[in-house]
Number of protein chains: 2
Amino acid sequence: MNEPDVPPRRGRKSEISRGQILDAAARMLRRQGYGNTTLRKIAEVAGIQAGSIYYHFASKDEIMDAVLERGVRAVYEAVRDSLAALPPDTPDRRRIEVAVGAHLEALLSHGDYTSTSIRTYGEVPMAFQQKSQPLRDAYVVLWQELLAGAQAAGAIRADLDTHVLRPLLLGSLNWTVEWYDPSQRPVAEIAAQAVDMLFHGVLPTEA
Amino acid sequence: MNEPDVPPRRGRKSEISRGQILDAAARMLRRQGYGNTTLRKIAEVAGIQAGSIYYHFASKDEIMDAVLERGVRAVYEAVRDSLAALPPDTPDRRRIEVAVGAHLEALLSHGDYTSTSIRTYGEVPMAFQQKSQPLRDAYVVLWQELLAGAQAAGAIRADLDTHVLRPLLLGSLNWTVEWYDPSQRPVAEIAAQAVDMLFHGVLPTEA
DNA sequence: AATATTTTCTAACTAACGTTCGATGGAAAT
DNA sequence: ATTTCCATCGAACGTTAGTTAGAAAATATT
């Protein structure tokens, strides 16, 4: 019904169910949070029986792990790749602009995984916050180097602390998952105004 | 301990326990999220038995309600009062600066209630998101009027959409509950840089 | 067509949840 | 000293959570 046109020759239907379980889990996590997401509801959304989940995953935690990791990875790779695709001599301002756009686009257009990895991360047991921690750290480093590099090159004011600038900026972007409404504005418009404010501030240009 | 100086004559020890239960709930909610916060753990932290909670609250939901509402109210009133305390002729820039400072101060210094009302709101059942919704709406209106008024007075660039500016700004501030570390910097320093960035942007002042 | 393998279902188990309620201790009032 | 009322305890209830295991169905292999 919703399989790709070329069904895998040898016995891998399992992948399809596994994907549906993850999709259902990501959607439920995003909407109802960790506390109200039960295996039975996930199974219902995925169209199978609760017990059947255990053929694909060893535990509920393993599902959470998979969803969270996939979310962070999607954002991380989107930003990293969009930066890597730029010509080597791209000015720092442009690189920041691209990174902001890629981050927001991945967050808001790329399904439930990314939103969930932002919204749900703070409320899951520490035990499997740690599983995706290396990726999260790598992502922070990516931004930190981008901003610190820009500052060293003179593209960002020298009197700002990039260790404050970075979380303030990323917080502003991350929080969009709580309020952004696709029916109101395109993502690009949010990104454009965010970059505009970041660069020039909100005060009118004066004498 | 935290009562008014005139202890109630007749039998009001109940208030103390009630406060301890709320404190415990707020702390647990902040650290472990809604899903992993159980009545038995709250009772344990509060130093009483699980069943005893029901002498003070009718249900778990009532506790959540109380914690959430108290959190939003603290932030709302802190910002509202700090604005009301300003002289009537205070320029818009200064008013925004004060509001940002009050919001951050309430969020980061005022205990677990405010942080929880930010972090946990998105993951509780809609049924009692609605209880604190009026207050939340009022707070949004407060900011919206502050910013729109400033823009009308020419203190904010006319080409910015305050309906995008507001959530971007508040998101940046709200996200601090995820990363701010009191042992690193005072809150005022974060507030100062946030306002600086908001007003002037991060680009160097050029010719 | 028969067999072997992969996937799902059904039904149950245990633990923990929110909640209830009668018994119990201690402080205030008589 | 006795009574009254407030606050807590302790043990239990019904429900639902995550999880398990053997039977059954679906699919692939020969």
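Quick caveat, the model's predicted, so the values are computed rather than measured. Heavy-atom basis, side chains included; hydrogens, waters and symmetry copies ignored. So that the names make sense, note that chain A is the first sequence line, chain B the second, and so on, each numbered from 1.
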Working to the nearest 0.5 Å, report the span between [atom1] of [X] and [atom2] of [Y].
X: A/Ile53; Y: A/Leu39; atom1: CD1; atom2: CG; result: 5.0 Å
X: A/Asn174; Y: B/Asn174; atom1: CG; atom2: CG; result: 12.0 Å
X: B/Leu147; Y: B/His163; atom1: CG; atom2: NE2; result: 10.0 Å

| field | Residues in salt bridge (Lys or Arg N to Asp or Glu O under 4.0 Å) contact with B/Arg40, at least two apart in sequence or another chain | value | none

Interatomic distance, [X] [atom1] vs [N] [atom2] [rounded to whole Å]:
X: B/Tyr55; N: C/dG25; atom1: OH; atom2: P; value: 18 Å
X: B/Gln49; N: C/dT24; atom1: CD; atom2: C1'; value: 13 Å
X: B/Ile21; N: D/dA7; atom1: CD1; atom2: P; value: 11 Å
X: B/Phe57; N: C/dT20; atom1: CZ; atom2: P; value: 15 Å
X: A/Ile53; N: D/dT19; atom1: CD1; atom2: C1'; value: 11 Å
X: B/Lys60; N: D/dA17; atom1: NZ; atom2: P; value: 13 Å
X: B/Tyr54; N: D/dG10; atom1: OH; atom2: P; value: 18 Å
X: A/Glu44; N: D/dA17; atom1: CD; atom2: C1'; value: 15 Å

| Can you list every pair that meets salt bridge (charged side-chain N to carboxylate O under 4.0 Å, His left out) and has a residue in residues 112-122 of chain A, with sequence neighbours left out? | A/Arg30-A/Asp112, A/Arg119-A/Glu178

| field | Residue pairs fulfilling salt bridge (charged side-chain N to carboxylate O under 4.0 Å, His left out) with at least one residue in residues 67-86 of chain B, sequence neighbours excluded | value | B/Glu69-B/Arg73, B/Arg73-B/Glu77

| message | Please check if the number of heavy atoms outside A/Gln133 that lie under 6.0 Å from its CD is greater than 12. | response | yes

| message | Defining pairs by Watson-Crick or G-U wobble geometry with both distances under 3.5 Å, how would you list the stems of DNA chain D with at least three pairs each? | response | C:1-28 with D:3-30

What N/O pairs connect the protein and nucleotides 11-13 of chain D at under 3.5 Å? Give each pair on its own line.
from   : atom 1 : to      : atom 2 : distance (Å)
D/dA12 : N6     : B/Arg40 : NH2    : 3.4

| request: Taking the side chain as every heavy atom from C-beta outward, state whether A/Ile21 and A/Ile48 have any pair of such atoms under 4.5 Å apart. | output: yes

| message | Quick one, A/Trp175 and B/Leu169 - any side-chain contact, counting heavy atoms below 4.5 Å? | response | no

| query | More 5' along DNA chain D: A/Thr37 or A/Ser52, using each one's nearest nucleotide? | reply | A/Thr37

| task | Looking at every strand, decide which applies to B/Thr38 at a 4.0 Å heavy-atom threshold: base, sugar-phosphate, or nothing. | result | sugar-phosphate

| note | Result for side-chain contact (heavy atoms from CB on, under 4.5 Å) between A/Arg27 and one of A/Val45, A/Thr37, A/Thr116 points to A/Val45

| query | For residues 24-33 of chain B, which residues have at least one heavy atom under 4.0 Å from DNA chain D? | reply | none

| field | OP1 or OP2 of D/dT8 under 4.0 Å from side-chain N/O of B/Ser17 | value | yes

| query | Cut-off 3.5 Å, side chains only: do B/Thr120 and A/Glu123 have a donor facing an acceptor? | reply | no

